[in-house]
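For the numbers below, each heavy atom of this structure counts, side chains included, while hydrogens, waters and symmetry mates do not.
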Amino acid sequence: IFVLAGGGLTLGVAALVRHDWGRVWRLTAVGAVWLASFGAAFFTSLDEMTKNAKRQRFWGDSFMPVGLDTPGWLRSTFLTIFEAPAGLTPVRLSLALFLVGCVYLAVTRAPRFALLVSPVALCLVASALRKYPFSNRLLLFLVPVFALVAVAGIEAAARTPKAGAALGAVLAAALLFQPSLGAARALVRPRTNEEIKPVLAYVRDRRQPGDVVYVYYAARYPLMYYGPRYGLAEGDYVLGTIARRNTDRYIEQLDALVGNPRVWVVFSHATEKRGVDEQRFFLDHLDRIGTRLDAVESVEAAAYLYDLGRR
């Protein structure tokens, strides 16, 4: 919606300046359809999310303050964004090139500049209204804008007299060095995160008839997606429920498994909240009520086999 709204407003203003009324009316008609679609989506689902107190607290620092704190917030937020999700480091150089690029494009190619940065401006307005967090993965769609404007900053430097070409080459090399190095490292050693597939494969190969599989509540969605590939469709396992405010409920869930001689307990996306490492909490209690028979651990995922028969 930010890209559509920004592009539509930019094109509409340009048409108004030129007194191109035919194009104004066509853009108005298209904009009305966009607005109707957005309004339906907002009032059926998004409006509730913007009013959700928990989400507001979670994203609290991602909403732009209005007042004396605004400049400091903008500086720290953009430095963070250039590191992730943009991946343009060193971040201070990237931010400087972005600012130079903004000025350069505003002077030399104003319509294109407005088309590029209008989604960013609208995102900031929505953030100030506490309707959209200006942070991290929620800004992935703006990464091309940040990169293009930063490159315009390099172009501006390259057009300076005398040493311009050399300066542009140095800046381009400095801007691309870390991202290129990071890409090369990822090629040699790919990034892994919550690798539950090897865990499920291990459980599948050693699971016996009658085995009970208990799934930690936060592993629900990985299990829904990958589980059927490894013989664990919904209904084949016991799904835990979240109880961060009352850990006694976790103990009750585990105690309900007592009597089964083979229980697999599967973890993924385990959290540490309110000073409690939940995976460690579960395992400590399981070690008290049963005997660990087997275990498999991957990157941020694991499974443990326990004898809870108490014979």
Check: [Y] main-chain N/O paired with [X] side-chain donor or acceptor under 3.5 Å:
{"X": "N136", "Y": "L138", "answer": "no"}
{"X": "Q253", "Y": "T241", "answer": "yes"}
{"X": "Y250", "Y": "F282", "answer": "no"}
{"X": "T77", "Y": "W73", "answer": "yes"}
{"X": "S127", "Y": "C123", "answer": "no"}
{"X": "N260", "Y": "L257", "answer": "yes"}
{"X": "T70", "Y": "G67", "answer": "yes"}
{"X": "S118", "Y": "G6", "answer": "yes"}
{"X": "S94", "Y": "L88", "answer": "yes"}

Do the side chains of [Y] and [X] get nearer than 4.5 Å, heavy atoms only?
{"X": "T28", "Y": "V24", "answer": "yes"}
{"X": "I289", "Y": "Y306", "answer": "no"}
{"X": "Y214", "Y": "V266", "answer": "no"}
{"X": "K131", "Y": "F63", "answer": "no"}
{"X": "V100", "Y": "V103", "answer": "no"}
{"X": "V238", "Y": "V215", "answer": "no"}
{"X": "F78", "Y": "E83", "answer": "no"}

Would you say [X] has more than 12 foreign heavy atoms packed within less than 6.0 Å of its [atom1]?
{"X": "R280", "atom1": "CZ", "result": "yes"}
{"X": "L140", "atom1": "CG", "result": "yes"}
{"X": "H285", "atom1": "NE2", "result": "yes"}
{"X": "R220", "atom1": "CZ", "result": "no"}
{"X": "W34", "atom1": "CH2", "result": "yes"}
{"X": "R18", "atom1": "CZ", "result": "yes"}

Show the nearest heavy-atom pair for residues [X] and [Y], with the distance to one decimal.
{"X": "Y202", "Y": "A295", "result": "OH-O, 3.8 Å"}
{"X": "L93", "Y": "A174", "result": "CD2-CB, 3.6 Å"}
{"X": "G168", "Y": "A158", "result": "CA-CB, 4.1 Å"}
{"X": "I81", "Y": "L139", "result": "CD1-CD1, 3.3 Å"}
{"X": "S298", "Y": "E195", "result": "OG-O, 2.9 Å"}
{"X": "L254", "Y": "L308", "result": "O-CD1, 4.5 Å"}

Task: Pair D284 + R288: basic N to acidic O under 4.0 Å - done: no

TODO: I would like to know whether K197 and Y230 meet side chain to side chain contact (heavy atoms under 4.5 Å, CB included); could you show each step before the answer?
DONE: CA-CA 8 Å; K197 289 184 288 183; Y230 297 92; 3.6 Å; yes

Point-to-point distance, once rounded to the nearest 0.5 Å, from [atom1] of [X] to [atom2] of [Y]:
{"X": "S62", "Y": "Q56", "atom1": "OG", "atom2": "CD", "answer": "10.5 Å"}
{"X": "T247", "Y": "I251", "atom1": "OG1", "atom2": "CD1", "answer": "6.0 Å"}
{"X": "H269", "Y": "N193", "atom1": "NE2", "atom2": "CG", "answer": "9.0 Å"}
{"X": "L4", "Y": "L9", "atom1": "CG", "atom2": "CG", "answer": "10.5 Å"}
{"X": "L74", "Y": "L124", "atom1": "CG", "atom2": "CG", "answer": "6.5 Å"}
{"X": "L11", "Y": "L115", "atom1": "CG", "atom2": "CG", "answer": "6.0 Å"}

Task: Residue pairs passing the salt bridge (charged side-chain N to carboxylate O under 4.0 Å, His left out) test where at least one lies in residues 224-245, sequence neighbours excluded - done: none

Task: Pairs touching residues 263-272 that satisfy salt bridge (charged side-chain N to carboxylate O under 4.0 Å, His left out), sequence neighbours left out - done: none

Task: Verdict with reasoning, S268 to Y216, per side chain to side chain contact (heavy atoms under 4.5 Å, CB included) - done: CA-CA 7 Å; S268 179; Y216 174 70; over 6 Å; no

Task: Criterion ring-ring contact (aromatic ring centres under 6.0 Å, His included) on Y226 and Y221, from CA distance to verdict - done: CA-CA 9 Å; Y226 292 114; Y221 295 108; over 10 Å; no

Open item on the list: Which residue in the set L293, V263, D294 passes side-chain contact (heavy atoms from CB on, under 4.5 Å) when paired with D307?
Closed with: L293

For [X], what residues pass the salt bridge (charged side-chain N to carboxylate O under 4.0 Å, His left out) criterion, not counting sequence neighbours?
{"X": "R292", "value": "D287"}
{"X": "E155", "value": "R109, R159"}
{"X": "D205", "value": "none"}

Counterpart residues, side-chain contact (heavy atoms from CB on, under 4.5 Å), relative to [X] (two or more places apart):
{"X": "Q279", "value": "F267, A270, D277, L283, A302, Y304"}
{"X": "R262", "value": "Q208, D211, W264, L305"}
{"X": "V117", "value": "F113, V149"}
{"X": "L181", "value": "F177, Q178, R185"}

TODO: Output the rest of the hydrophobic cluster of V299: all Ile, Leu, Val, Met, Phe, Trp and Tyr residues reachable through side-chain heavy-atom contacts under 4.5 Å, sorted by chain and number.
DONE: none

TODO: Mind running side chain to side chain contact (heavy atoms under 4.5 Å, CB included) on R207 and V213 for me, showing each step along the way?
DONE: CA-CA 9 Å; R207 190 176 165 203; V213 179; 4.0 Å; yes

Task: Same apolar cluster (I L V M F W Y, side chains within < 4.5 Å links), F134/L129 - done: no

Task: F43/F38 aromatic ring centres below 6.0 Å - done: no

- [ ] Decide if the gap between the ring center of F146 and the ring center of F82 is smaller than 6.0 angstrom.
- [x] yes

Task: Those residues that, when tested against R75, pass side chain to side chain donor-acceptor pair (under 3.5 Å) (two or more places apart) - done: none

TODO: Please list, chain by chain and in numerical order, all residues satisfying ring pair (Phe, Tyr, Trp, His ring centres under 6.0 Å) with F2, sequence neighbours excluded.
DONE: Y132

